[in-house]
Amino acid sequence: MNSPGAGRFAPSPSGELHLGNLRTAMLAWLFARSTGRTFLLRIEDLDRARAGAEDAQLAELAAVGLTWDGTPVRQSERIPSYEAAVGSLREADLLYECFCTRRDIAEAATAPHGLPGSYPGTCRNLAPSERPQQARPPALRLRSGASTWTISDQLHGEYTGPVDDFVVVRSDGVPAYNLAVVVDDDAQGVDQVVRGDDLLSSAPRQAYLATLLGITPPRYAHVPLALNRQGQRLAKRDGAVTLESLADHGWSGDRVRDLILRSAGLPPGTLAGALEAFHPERVPREAWTVEPGNLS
Ligand code: GLU
C-alpha cells in the first residue's frame, strides 16, 4: 500500500545544462532518495527542443554521478494524455477561447486593478457575435474559480500566490507547460516536486489545476537558483558554467559534483556520502552566486 512515491527532474532540452541546472537536479535527487522515493526524468520538449540537447543533458547528469529510474519520459510523446485532460476540463465547462494578442493583454493589464502578469479576463464572456472577425486561432484558457491558491513547500512553508485564467492550450495548439506538468507529474506518480524557485509563483496555478482534474497536488520544494555576479539568473553566456566549458579548463565531472555539493553545504566525494549528510531543512535558502572567473 505504502508506495514510495517519486521525485523528478524535468529539463527543457534547449541546450547544455549549466551549474545551476545541475545543482537543482542534484538537490531533486537528494530530496527523492533521502525520502525513499524513486527519481524520474522527464524531457520537457514541447517547446524549446534543440537537436541533440536531450542526449547531451542525460550525459551531463550522468557525468556528475546522477542516476535515475526507468527511461526518461518525453512530453512530445504524451499528447493524447494532455488532450484527455483538456477534454475533461472542456466537459466541465472550465475552458474558453481567447483571441487576445500579447499586446492586448499588456495594454489591458495596465488598467486599474489589473494584477501584473495576470490575464484580465477580456475573452471570458465573449458572445459569439463578439468574436473577432478574422480570428487567429484561439488559445484555450482556464475559467478559473479562484484568484489565489495555497501550496505547501518544504522550504517556503505555506505559499499563497495568484491564480488567473491561465492558458492551458496555446494558440498554436501546443499544450501549455502549466497543463503538461500537472498531467505528467500525476501520470508518473510524482508526489514531490523539487525545482528552481523561479517556478514558485507558478505552483499555485498548477496545484489549483491539479485539484480541478481530481489530482492531489505534490509536495513542493522550490530551491534557490544559481546567479551570476550581477545577481541575475545564471546563463551559458556567463562563461565557463557548463560541464563542457569547464572541461576545457581541466574540470572533471567529479570536481563539478564536489563544487555543487559544497555550494549546498554538503560533503564532497560521492553522492552517496552527500545523501547521508542531507537534511532538507539545511538546504541553503540563499541563491548560489557563481563566479566563473574563480572556476578556471
Ligand atoms: N522544464 C522546466 C525548466 O526546465 C522545469 C519545469 C518543472 O520542473 O516543473 O525550467
Side-chain angles (χ1 to χ4, degrees), residues 5-32 37-50 53-58 60-61 64 66 68 72-79 81-82 85 149 151-156 159 161 163 166-168 170 174-210 213 215-227 232-236 241-243 283 287-288:
R8 48 69 155 187
F9 182 61
S12 303
S14 54
E16 293 154 83
L17 298 173
H18 59 54
L19 289 169
N21 310 130
L22 291 167
R23 185 180 195 247
T24 300
M26 235 180 252
L27 288 170
W29 184 93
L30 288 161
F31 269 91
R37 287 177 165 84
T38 53
F39 181 65
L40 308 175
L41 288 189
R42 182 168 69 240
I43 310 299
E44 301 211 320
D45 61 349
L46 289 179
D47 201 6
R48 291 168 288 157
R50 179 118 61 84
E54 176 186 326
D55 287 346
Q57 291 184 342
L58 297 183
E60 288 155 358
L61 294 170
V64 293
L66 289 172
W68 51 90
V73 165
R74 252 183 236 118
Q75 287 192 323
S76 58
E77 293 167 2
R78 296 196 22 80
I79 302 294
S81 303
Y82 311 135
W149 200 254
I151 59 131
S152 157
D153 186 287
Q154 266 185 281
L155 302 185
H156 296 264
Y159 171 84
V163 174
F166 57 90
V167 169
V168 295
R170 303 178 342 188
V174 176
Y177 156 68
N178 279 324
L179 174 78
V181 72
V182 169
V183 172
D184 288 343
D185 282 336
D186 179 50
Q188 291 187 276
V190 169
D191 63 350
Q192 178 192 61
V193 168
V194 178
R195 60 187 179 187
D197 62 13
D198 53 332
L199 290 167
L200 177 62
S201 64
S202 298
R205 290 182 177 88
Q206 295 167 8
Y208 175 63
L209 179 60
L213 290 167
I215 295 167
T216 305
R219 295 194 72 193
Y220 295 95
H222 288 89
V223 301
L225 293 182
L227 303 180
Q232 298 151 338
R233 196 194 312 191
L234 194 69
K236 256 175 30 177
V241 296
T242 62
L243 277 177
V283 171
W288 177 36

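One-based numbering, in listed order, for ligands and for the atoms of each.
- In the vicinity of Arg195, heavy-atom distances shorter than 4.0 Å reach the ligand 1 atoms 7 (C), 8 (O), 9 (O).
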Evaluate Arg8 against Gln188 for side-chain hydrogen bond (donor to acceptor under 3.5 Å, both in side chains), listing each step before the verdict.
CA-CA 9 Å; Arg8 48 69 155 187; Gln188 291 187 276; over 6 Å; no
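- Listed by atom number, the atoms of ligand 1 under 4.0 Å from Glu44 heavy atoms are 1 (N), 2 (C), 5 (C), 6 (C).
- Heavy-atom proximity to Tyr177, at under 4.0 Å, picks out these atoms of ligand 1: 6 (C), 7 (C), 9 (O).
- The protein heavy-atom contact nearest to atom 5 (C) of ligand 1 is Ala10 O, 3.4 Å.
- Any N or O atom pair closer than 3.5 Å counts here, and Pro11 shares no such pair with ligand 1.
- For the residue pair Gln75 / Asp45, no side-chain donor-acceptor distance below 3.5 Å is found, with atom types taken as modelled.
- Only one option out of Thr24, Leu155, Leu225, Asp153 pairs with Asp197 in a side chain to side chain contact (heavy atoms under 4.5 Å, CB included); it is Leu225.
- Relative orientation of the Tyr159 and His156 rings is perpendicular, given thresholds of 30° and 60° on the angle between their planes.
- For ligand 1, the atoms sitting less than 4.0 Å from at least one non-hydrogen atom of Val181 are 9 (O), numbered in the order shown with element in parentheses.
- Under a 4.0 Å criterion applied to the non-hydrogen atoms of Leu199, ligand 1 contributes the atoms 5 (C), 6 (C), 7 (C).
- With Asp191 contributing its side chain and Ala6 its backbone, the two residues share a donor-acceptor pair below 3.5 Å.
- Put simply, the side chain of Asn21 gets close to the backbone of His18: a donor and an acceptor are under 3.5 Å apart.
- Near Arg8, the atoms of ligand 1 lying under 4.0 angstrom from a non-hydrogen atom of the residue are 7 (C), 8 (O), 9 (O).
- To the nearest 0.5 Å, atoms CD (Gln206) and CH2 (Trp149) are separated by 14.0 Å.
- Ligand 1 places these atoms under 4.0 Å from at least one heavy atom of Ser12: 1 (N), 2 (C), 3 (C), 4 (O).
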